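Accompanying notes for the structure given below.
Positions are given from 1 along the sequence. All values reported here derive from a predicted model rather than from experimental measurement.
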Amino acid sequence: MSRTRPSTAKKVVNIDRKKDLANPPMKGRDILVKALENEGVDTVFGYPGGASMEIHQALTLTKKIRHVLPRHEQGGSFAAGGYARVTGRPGVCIATSGPGATNLLTGIMDAKMDSIPLVAITGQVPTPVIGSDAFQETDIVGASFPLVKHSYLVQDINDIPQIIHEAFHIASTGRPGPVLVDIPKNIQQQETIPDFKVGLDIPGYRPNLKPAPQQVKKAMHLIKEARRPIIYAGGGIVSAEASDELRKFVKKTGIPITNTVMGLGSFPMDDPLSLHMLGMHGAVYANIAINHADLVIALGVRFDDRVTGKLSEFCPNAKFIHVDIDPSEINKNITVDVPIQGDVKQALKMMNEMAEKKKDMGPWLTQVQEWKQEFPLTYKMSDKDIVPQHVITELQRIAGDEAIVSVGVGQHQMWTAQFWRFKQPRRWLCSSGLGAMGFGLPAAMGAAVARPDLPVVNIDGDGSFLMNIQELQTCKIENIPVKSVVLNNAHLGMVAQWEDRFYKSLRGHTYIGDADFAEIADAFGIKGESIRKPEEVEPALKRMMKHKGPYVLDVKYPYNDKSHGHVIPMIPGGHTYLDTILDTDTNLREYWRKKGIDV
């Protein structure tokens, strides 16, 4: 699709047409806000500037849209992403031209990588000076071209309703993703009599949703013949609202299931058939099971390198069924036996009509359960120091299963994915593909605005928390009750872990200092406290969850050596599941050889 939309609408009205009181002219800025209202937008996250202030003037007049002012444009883009992740509707962020627009790019790319519907609206310098290196001018359409699903540069005021309608349609259909709309300031200021009767005629964008019935029949034949099948389900299940269909499929067939980090919550993790998360820091039993399967049923996944490890040795004896809305993902990393392009919800409905209980999987299910018992996800308690994994498990017990959980990126992120038992979708906010530090707090902020009926907690690391800490002021002024638990070990913990494992513990600038985040919270007018002792964990978490407004709990614990401070298990990058580092500091290959198991 082209990056700009040629004008097909009427031109700007003449002055004498302003006398039509029944259909008065509107400024471009007001047309934009009305178009957003027509798309059902109830919240935008926007930071004003010279090229976007007209839009913000219009936003002061609407009674249908809540405006939330982030304290940094990146925070606004992550907040819009958090809103989208918990609602399934496009999040909206707004920024001015130049640096304001470029500050959105990380959040835009995060949405692209994780298939999150997002509409980013940017102000632009006036049309006559575009290309002249005017003050705060940036070709944001060109700069964002590889990062978005589509982009528009508005060249005619009359195109605004159509462009906004198309932007929301493209962002939320097919494989969801971010769309950019760049609006020059002079077009925001112009007047015309708008036409809000818009339709959709996008010949270059017609995603196929219906799976081919013959392919579904082939898939069901493979499932019937398989003796060691496994379901590998990802974020596509969440995007397609297909969690109910997935649960029905697992119940009807009795096939065990593992999830990607994006798919957590799409299937209840307390179910006996759940193998929890697979991949680099996933459960050992999940990685063993998928690599011993004779059939992998991949649903809404992209065979990410953090899952597959060394591609040439991933699932060497398995056949593959791959269901995905995006045809470019099929056969991209793994050659599959039965490709099914289309909406995974529709595919699962078709599969459920033919599915039946598999009666020949007794040995396979017994083996899977034995692996689960042999390689449980565990952690060691300490009488002296707080154990971060214990904080996470205690927080789930106190916050409850309905809580929405946001994370930054690092050790705390993986520990939460390992030990929080999600039971439903859209409760887990994680920058999974891009891995953007600073995501946790603003994403939680967006989620809390979208779902004020649910508790929202941000489990963060000190490094990630510092990257968008200014959003504490947004939480304070907007009264957004995000509860932040900062696991504070004064290090960039995940990078330090890699230094310990692969660089002889040589510290390459990974010590960041011991900040007191409770005092910082107090400076923003937010309640906070710091704890250091194990016995302080439970009462502090209870105080935090009882508090009505935003809260920061600074959990201080030392960065420890391999035996206590690392995210384990771990598959080194580019290796196989047999190279999984276990809590005994040996790898799976060595462990099995000592037991006399041929690998």
Side-chain angles (χ1 to χ4, degrees), residues 85-86 113-116 229-251 253-293 295-309 314-315 318 320-325 329 334 344-345 347-348 368-369 371-372 375-377 392 396 401 404-405 407 413-433 435 567 569 571 577 580:
R85 287 170 190 260
V86 299
M113 292 286 283
D114 286 352
S115 304
I116 303 301
I230 190 169
I231 297 166
Y232 158 41
I237 297 291
V238 179
S239 296
E241 306 290 353
S243 182
D244 288 345
E245 287 74 17
L246 175 64
R247 294 168 195 228
K248 184 177 180 181
F249 182 71
V250 174
K251 184 176 181 180
T253 62
I255 299 173
I257 175 173
T258 183
N259 286 115
T260 67
V261 69
M262 280 295 296
L264 296 181
S266 62
F267 187 81
M269 297 176 72
D270 60 346
D271 189 285
L273 287 173
S274 173
L275 301 183
H276 310 125
M277 184 180 74
L278 82 167
M280 178 176 281
H281 293 293
V284 176
Y285 44 83
N287 290 322
I288 294 175
I290 197 168
N291 279 281
H292 281 74
L295 177 65
V296 174
I297 307 164
L299 305 172
V301 299
R302 57 189 180 89
F303 292 96
D304 178 71
D305 64 289
R306 289 292 171 112
V307 166
T308 64
F314 179 67
C315 303
F320 291 92
I321 298 166
H322 188 188
V323 183
D324 206 283
I325 189 69
E329 287 296 344
I334 293 287
V344 71
K345 183 171 186 173
L348 280 168
V368 167
Q369 291 303 318
W371 285 326
K372 286 183 75 172
F375 300 101
L377 283 166
I392 292 164
Q396 177 168 25
D401 294 335
I404 293 171
V405 182
V407 291
Q413 173 196 30
M414 291 295 99
W415 281 325
T416 306
Q418 287 178 341
F419 291 101
W420 197 288
R421 292 290 174 256
F422 295 95
K423 297 180 176 63
Q424 53 191 315
R426 302 201 182 279
R427 296 294 190 273
W428 166 239
L429 314 180
C430 175
S431 177
S432 305
V567 181
I571 302 175
Y577 79 103
T580 301

Partner of Asn259 under side chain to side chain contact (heavy atoms under 4.5 Å, CB included), picked from Ile231, Ile237, Leu264, is Leu264
Mind listing the closest non-hydrogen atom pair of [X] and [Y] along with its distance?
{"X": "Pro569", "Y": "Leu377", "answer": "CD-CD2, 3.7 Å"}
{"X": "Gly234", "Y": "Val301", "answer": "N-CG1, 3.2 Å"}
{"X": "Ser115", "Y": "Ser239", "answer": "O-OG, 3.8 Å"}
{"X": "Gly433", "Y": "Met113", "answer": "O-CE, 3.3 Å"}
{"X": "Ala293", "Y": "Ile230", "answer": "CB-CG2, 3.6 Å"}
{"X": "Ile571", "Y": "Gly279", "answer": "CD1-O, 3.8 Å"}

For the side chain of His292 and the backbone of Val368, is there at least one donor-acceptor N/O pair under 3.5 Å apart? no
Side-chain donor-acceptor distances from residues 268-278 under 3.5 Å, at least two apart:
from, atom 1, to, atom 2, distance (Å)
Asp271, OD1, Leu273, N, 2.8
Ser274, OG, His276, N, 3.1
His276, ND1, Tyr285, OH, 2.6
His276, NE2, Met269, O, 2.8

Just how far is it from atom [atom1] of [X] to atom [atom2] of [Y], taken to the nearest 0.5 Å?
{"X": "Leu299", "Y": "Tyr232", "atom1": "CG", "atom2": "OH", "result": "10.5 Å"}
{"X": "Glu245", "Y": "Lys345", "atom1": "CD", "atom2": "NZ", "result": "5.0 Å"}
{"X": "Met280", "Y": "Thr308", "atom1": "CE", "atom2": "OG1", "result": "9.5 Å"}
{"X": "Leu348", "Y": "Leu246", "atom1": "CG", "atom2": "CG", "result": "6.0 Å"}
{"X": "Cys315", "Y": "Asn287", "atom1": "SG", "atom2": "CG", "result": "9.5 Å"}
{"X": "Ile288", "Y": "Tyr577", "atom1": "CD1", "atom2": "OH", "result": "7.0 Å"}

Greater than 12 external heavy atoms within 6.0 Å of Arg247's CZ: yes
(request) Determine whether Arg85 and Asp114 make a side-chain contact, defined as any pair of heavy atoms from C-beta on separated by less than 4.5 Å. (result)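 Arg85 vs Asp114: side chains touch.
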Walk me through whether Trp420 and Trp428 qualify under side-chain contact (heavy atoms from CB on, under 4.5 Å). CA-CA 10 Å; Trp420 197 288; Trp428 166 239; over 6 Å; no
Only one of Arg421, Lys423, Arg427 passes salt bridge (charged side-chain N to carboxylate O under 4.0 Å, His left out) with Asp401, and that residue is Lys423
*asked:* The test is side-chain contact (heavy atoms from CB on, under 4.5 Å); show your working for Cys430 and Gln413 and say whether it passes.
replied: CA-CA 8 Å; Cys430 175; Gln413 173 196 30; 3.1 Å; yes
Mind running side-chain contact (heavy atoms from CB on, under 4.5 Å) on Thr260 and Asp304 for me, showing each step along the way?
-> CA-CA 9 Å; Thr260 67; Asp304 178 71; over 6 Å; no
Working for side-chain contact (heavy atoms from CB on, under 4.5 Å), residues Gln418 and Val567: CA-CA 9 Å; Gln418 287 178 341; Val567 181; 3.7 Å; yes
task: Sequence neighbours left out, what passes side chain to side chain contact (heavy atoms under 4.5 Å, CB included) with Asp305? Give chain and number order.
output: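 Partners of Asp305 under the side chain to side chain contact (heavy atoms under 4.5 Å, CB included) test: none.
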Quick note, salt bridge (charged side-chain N to carboxylate O under 4.0 Å, His left out) partners involving residues 231-242, not counting sequence neighbours, are Glu241-Arg426
